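As structure tokens, the structure follows; a few thoughts come after it.
Everything quoted here is computed from the prediction, not taken from an experiment.
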Amino acid sequence: MITLTVVFHLLFLGCMAWAAVTDLLTFRIFNSLIVTLLAGFVAWALVEGLLFSSTGLATLGWHVLASLAAFALFLVFYIIGQMGAGDVKLIAATALWFGWHPVTLNYILYAMIAGGVLTVLLYGWRKLPLSEAASKVRFIKRLHVRRLKTPYGITLGLTAAYLSFQSPTFIN
């Protein structure tokens with residue numbers, strides 16, 4: 001039997017896949033994805049009854065605090081030109097779902113490490129000539145352009161999907 005927790009987890013996983021794929025293909029994380037994540041979280045909070053008790057409101061407050069803290073931290077990276085606005089919003093929306101929990105810190109740490117590895121790999125790959133066959137694939141050709149930045153949505157989405165199985169939000 002599929003529970004509502006499973007449905008919300010599938011929604012979250014779908015959004016993370018959407019973030020990874022769209023950032024890979026377009027170098028963008030769409031606001032519609034962020035809105036979907038926020039609306040899904042609000043629906044989850046309503047279903048869980050977080051708005052109807054002081055304990056629930058406290059839990060909700062910790063989720064919001066985690067989101068705001070993550071947003072503030074990564075806003076610095078946006079301001080100095082190291083991340084895109086979509087990346088920062090995705091991190092904040094993910095932290096909202098995970099809440100103030102060690103899994104959120106793991107998410108930030110793992111995503112930063114994975115993002116660094118991806119950046120180094122792209123930097124090295126972009127110095128190599130692109131094969132004729134690869135240059136015919138539009139997204140590969142675009143990914144190979146040296147002046148473009150790293151599509152962090154790939155690592156952010158994959159890391160969040162992996163760690164979601166450890167998040168109390170999705171564990172009954």
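Criterion: ILVMFWY side-chain heavy atoms under 4.5 Å apart, direct or through other members. Under it, Leu109 and Met112 are part of a common hydrophobic cluster. Hydrophobic cluster membership is shared by Val47 and Phe41, with clusters built from Ile, Leu, Val, Met, Phe, Trp and Tyr side chains linked at under 4.5 angstrom. Val35 and Ile91 fall into different hydrophobic clusters, defined by Ile, Leu, Val, Met, Phe, Trp and Tyr side-chain heavy atoms under 4.5 Å apart, directly or through other members.
Under a cut-off of 6.0 angstrom, the local environment of CZ in Phe30 is crowded, with over 12 non-hydrogen atoms contributed by other residues, nucleotides or ligands. Surrounding CZ of Phe27 are more than 12 heavy atoms belonging to other residues, nucleotides or ligands, all under 6.0 Å away. Sparse packing is recorded around OH of Tyr162, with 12 or fewer heavy atoms of other residues, nucleotides or ligands lying under 6.0 Å away. The environment of CH2 in Trp62 is sparse: at most 12 heavy-atom neighbours from other residues, nucleotides or ligands sit within 6.0 Å.
Looking at Asp87, its side chain does come within 3.5 Å of a backbone N or O of Gly84 through a donor-acceptor pair.
Relative ring orientation between Trp44 and Trp97 is described as tilted, the plane-to-plane angle lying within the 30° to 60° band.
With hydrogens and angles left out, the side-chain atoms of Tyr152 and Thr119 include a donor and acceptor closer than 3.5 Å. There is a side-chain donor-acceptor pair under 3.5 Å between His9 and Ser164.
Separation of atoms CG (Asn31) and NZ (Lys89) is listed at 3.5 Å; rounding is to 0.5 Å.
For His144 and Trp125, the distance between ring centers is under 6.0 angstrom.
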